[in-house]
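Here is how names work: the chains are called A, B, and so on, in the same order as the sequence lines, proteins then strands, and each is numbered from 1.
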Number of protein chains: 2
Amino acid sequence: MDGQPAARVTSHDVAAEAGVSQATVARVFSSPEKVALATQEQVREAAARLGYVPNAIARSLKSQRTDVVGAVVPARSEYWQNVLTAFSRRLAEQGKQLLLFSFVDADHVESALDSVEQYRLDGLVLASSTIRLEHLVRMQRPNPRVVAFNQPAASGLLPLVTVDNEAGARDLAEHIVARGARTAAFVGTVATASTDQIRYRGAAAALADHQIACPYLEAGAFNYDAGYKAAARILDGDGHPDAVMGGSDELALGLIDGLRTGGLDVPGDVLVTGFDGLPQASWAGYDLTTLVQPIEVLVDETLAILFDSAAAVANIERIVPGTLREGKTTRRDRG
Amino acid sequence: MDGQPAARVTSHDVAAEAGVSQATVARVFSSPEKVALATQEQVREAAARLGYVPNAIARSLKSQRTDVVGAVVPARSEYWQNVLTAFSRRLAEQGKQLLLFSFVDADHVESALDSVEQYRLDGLVLASSTIRLEHLVRMQRPNPRVVAFNQPAASGLLPLVTVDNEAGARDLAEHIVARGARTAAFVGTVATASTDQIRYRGAAAALADHQIACPYLEAGAFNYDAGYKAAARILDGDGHPDAVMGGSDELALGLIDGLRTGGLDVPGDVLVTGFDGLPQASWAGYDLTTLVQPIEVLVDETLAILFDSAAAVANIERIVPGTLREGKTTRRDRG
DNA sequence: TGACAGGCTGCATACGTAGTCATAGAGTGC
DNA sequence: GCACTCTATGACTACGTATGCAGCCTGTCA
């Protein structure tokens with residue numbers, strides 16, 4: 001009736017209340033099929049009366065599993081926030097929890113990895129294209145499993161799940177060529193990011209097939225502002241390319257606004273593409289042509305690698321194709 | 001040299017290796033001032049040799065604290081994702097972790113609360129304006145502490161940290177009046193959300209001071225799409241208001257695009273305001289006038305209530321003022 | 001040299017649960 | 001009616017750490 005008891009109620013207390021042993025109480029909550037129905041009811045009633053809640057800490061210590069998955073993700077990124085949400089939802093459906101390690105710079109990764117080990121997590125999702133190789137190597141271990149998410153650099157070092165960055169970039173490049181681009185530029189986020197390198201490689205290769213050169217311009221960060229500023233550099237040069245490919249959606253949105261602020265019309269003067277398929281890319285003010293990552297699929301694949309003991313973990317690589325979404329940033333209505 | 005040992009290394013193993021007792025090893029890692037320097041070094045070397053990592057699960061079981069804080073937040077919301085990032089960062093600085101409970105609908109909240117109890121978290125941040133009162137009541141307990149974040153409905157039930165929604169809305173309303181609005185409308189997110197109600201109340205009151213009526217229109221959701229669709233309803237009526245106040249930034253951005261798609265100029269024909277101060281609101285394509293929430297301050301206040309034992313928890317309410325940020329959605333350059 | 005203080009360390013135990021093993025009882029077949 | 005199987009339950013212990021208590025050793029002072 002009134003508030004919580006001062007001390008935490010344990011399975012022993014419930015056992016005493018129900019007139020059974022602690023072991024039986026434990027079984028009711030972890031493997032009820034082993035307990036007679038009548039006894040179960042008795043125990044559950046006693047538990048309800050005392051307000052008993054099983055202690056996950058003690059369970060974890062005994063069972064050697066925490067039902068918690070860690071995720072190491074960069075702090076300020078639209079894309080990762082979407083990924084995180086997807087992970088959290090799926091895990092909740094399986095009765096598992098998500099422990100978040102958000103980091104600002106690479107140094108934080110180090111301490112996050114320490115915590116991961118201390119907390120004996122059931123698995124870890126390593127999500128960031130800028131984690132250094134030495135960190136990746138350190139994470140090589142069979143237990144708990146570590147999966148690299150959208151981080152091609154981990155190839156061969158860790159099990160890896162990623163969208164097909166190269167094919168996606170190629171598709172986007174072919175698309176702008178089909179839309180009439182004869183000159184182009186690729187504005188990357190951070191040159192050391194492995195996703196960036198692969199996307200550029202795919203785009204440049206496809207454009208080369210059409211004898212179109214594709215200079216690389218580094219924005220220096222992953223966010224909108226970096227794109228906005230990079231646009232100014234494009235406008236500085238004499239003449240501008242027919243098309244600008246952004247290394248990510250967030251960057252591309254900044255590019256669009258930067259180019260428009262500079263007096264260019266998108267898509268009238270310049271075509272723009274992104275990469276990721278963020279919700280914002282679909283906003284009417286932008287309607288960006290982009291490569292949509294199948295986040296749900298990527299997340300499911302990742303969790304499958306983490307938990308399906310069947311999966312031979314060795315050097316799994318799941319490369320999932322994305323989908324080109326055509327928006328009006330590459331639609332020239334002049335024909 | 002080679003991989004990890006098959007079995008987990010424990011403090012007992014380290015003790016054997018270093019030729020001391022397990023107790024001494026434990027002390028080296030939890031209260032080193034009680035151990036002679038020479039012994040410490042010896043133990044640390046042994047630990048390093050074996051690759052020992054303290055087990056946080058066992059420590060939590062013994063010490064009755066987990067150093068983990070839970071956060072219950074809605075899954076798909078730009079605003080909450082920003083808040084989450086801020087929490088994660090601050091906690092990491094204090095050596096604590098964030099356990100994420102992302103929920104889609106109110107039913108998920110129920111199960112999240114169960115998990116919170118099981119995991120014996122050190123604290124819980126309850127962040128969502130749509131958590132039902134019955135859930136809030138259930139969370140009333142001194143230990144672990146639960147703090148309601150930006151959820152005015154919790155007033156009197158739980159310690160509460162929130163931006164001053166009413167004053168903020170009033171400021172925005174005064175602002176649009178100063179910019180010449182003579183008619184207005186408030187487009188709310190979800191009518192049952194307590195933040196929504198208070199923001200509307202503040203706006204309506206301020207407008208009433210100027211003999212301006214302020215009809216309430218419910219968008220039905222918190223996101224961009226809801227705002228985009230609500231714009232159509234505004235356009236349907238004969239004539240449109242001078243100004244539209246959005247219940248949140250995300251909604252307001254949808255409103256802007258919806259209004260523009262409908263042929264209106266923002267701010268030429270309609271002024272638009274938001275609420276929250278999202279990064280996207282500052283994007284050049286929108287440059288939305290909004291009320292910026294001091295997220296860092298709110299987060300710090302929340303953690304202070306959670307952890308400063310000094311704080312008398314009873315019915316704390318921290319109502320922090322926001323800052324009006326004037327963008328070009330309320331700037332009429334025609335004077 | 002003896003008494004005593006103080007700093008280190010080891011012993012033993014508790015945290016709350018899960019799972020192993022043993023046992024009691026009920027049911028089955030001959 | 002006996003041997004057997006099978007189910008339900010209890011006693012006990014381990015998971016890995018933190019900590020109170022006691023004991024040891026060294027150093028100091030009279």
Side-chain angles (χ1 to χ4, degrees), chain A residues 5-44 46-47 50-68 95 115 117-122 143-144, chain B residues 5-44 46-47 50-68 115 117-122 143:
Chain A
R8 279 298 200 176
V9 180
T10 74
S11 54
H12 285 96
D13 302 326
V14 176
E17 172 83 9
V20 299
S21 73
Q22 178 270 331
T24 299
V25 176
R27 277 190 277 259
V28 168
F29 287 93
S30 60
S31 46
E33 72 281 0
K34 294 182 183 170
V35 179
L37 279 169
T39 312
Q40 275 193 49
E41 198 161 332
Q42 210 173 325
V43 170
R44 289 189 195 282
L50 299 179
Y52 168 69
V53 179
N55 184 326
I57 304 288
R59 184 197 311 144
S60 298
L61 181 61
K62 184 68 182 129
S63 65
Q64 306 290 65
R65 37 197 295 278
T66 54
D67 285 335
V68 175
S115 304
E117 294 185 347
Q118 288 194 15
Y119 282 91
R120 302 292 197 268
L121 303 179
D122 284 357
N143 234 320
Chain B
R8 279 297 197 177
V9 179
T10 74
S11 54
H12 285 97
D13 302 326
V14 177
E17 172 83 8
V20 299
S21 72
Q22 177 270 331
T24 299
V25 176
R27 277 189 275 257
V28 167
F29 287 93
S30 61
S31 46
E33 73 280 0
K34 295 182 182 170
V35 179
L37 278 169
T39 313
Q40 276 193 48
E41 198 160 333
Q42 211 172 325
V43 169
R44 289 189 196 281
L50 299 179
Y52 169 70
V53 178
N55 185 326
I57 304 287
R59 184 195 314 143
S60 298
L61 182 60
K62 187 72 181 116
S63 66
Q64 306 289 64
R65 37 197 296 277
T66 53
D67 284 336
V68 175
S115 304
E117 294 185 347
Q118 289 194 15
Y119 282 91
R120 302 291 195 269
L121 303 179
D122 284 357
N143 233 320

Test for a donor-acceptor pair under 3.5 Å between the base of C:dG16 and the side chain of B:Arg120, counting only N and O atoms.
no

For the base of D:dA14, is there a side-chain donor-acceptor partner from A:Lys62 under 3.5 Å away?
yes

Using a 6.0 Å distance limit plus a 45 degree cone around the ring axis, check whether A:Arg44 lies over the aromatic ring of A:Phe29.
yes

Donor-acceptor pair, B:Thr10 side chain versus B:His12 backbone, under 3.5 Å?
yes

Among the candidates D:dG10, D:dT17, C:dT9, find the nucleotide nearest to the side-chain atoms of A:Ser21.
D:dG10

What's A:Val20 touching, base or sugar-phosphate or nothing? Going by heavy atoms closer than 4.0 Å.
sugar-phosphate

Give the rounded distance in Å between these two atoms: CZ of A:Arg65 and P of C:dG16.
21 Å

Please tell me whether A:Arg59 and B:Gln118 have a donor and an acceptor in their side chains that are separated by less than 3.5 angstrom.
yes

Name the nucleic acid region contacted by B:Ala36, choosing base, sugar-phosphate or nothing; use a 4.0 angstrom heavy-atom cut-off, strictly under.
sugar-phosphate

Separation of C:dT17 C1' from A:Asp13 CG (nearest whole Å):
13 Å

Under a 3.5 Å distance rule, please check whether B:Asp122 uses its side chain to pair with a backbone N or O of B:Thr66 as donor and acceptor.
yes

How close or far is atom P of C:dG16 from atom CZ of A:Arg27, stated in whole angstroms?
20 Å

Given C:dA14, is OP1 or OP2 found less than 4.0 Å from the side-chain N or O atoms of B:Gln64?
no

Do any side-chain nitrogens or oxygens of B:Tyr52 fall under 4.0 Å of OP1 or OP2 in D:dT17?
yes

Just how far, in rounded Å, is P of D:dA14 from CD1 of B:Ile57?
21 Å

Length of the CG-P vector between B:Asn55 and D:dA18, whole Å:
9 Å

Report the distance from atom CD of A:Glu33 to atom P of D:dT9, rounded to the nearest whole Å.
13 Å

5′-ward residue of the pair B:Leu61/B:Lys34 relative to DNA chain C:
B:Lys34

Would you say that A:Thr24 contacts A:Ser21 through its side chain, given a criterion of any heavy-atom pair below 4.5 Å between the two side chains?
yes

Please confirm whether any donor atom in the side chain of B:Gln22 sits under 3.5 Å from an acceptor in the base of D:dA18, or the reverse.
yes

Any idea which of D:dT9, D:dG16, C:dA18 is nearest the A:Arg59 side chain?
C:dA18

Starting from P on C:dA18, measure out to NE2 on A:His12 and report it in whole angstrom.
12 Å

NA contact type, B:Ser63, heavy-atom cut-off 4.0 Å: base, sugar-phosphate, or nothing?
nothing

Between CZ of A:Phe29 and C1' of C:dG16 the distance, given in whole Å, is 14 Å

Taking 4.0 Å as the cut-off, does a side-chain nitrogen or oxygen of A:Ser11 come that near to OP1 or OP2 on C:dT17?
yes

Quick check for you: among C:dT17, D:dC12, D:dT9, whose closest atom lies nearest to any side-chain atom of A:Ala58?
C:dT17

Check: B:Glu17 side chain, B:Ala47 main-chain N or O, donor-acceptor pair, under 3.5 Å
no

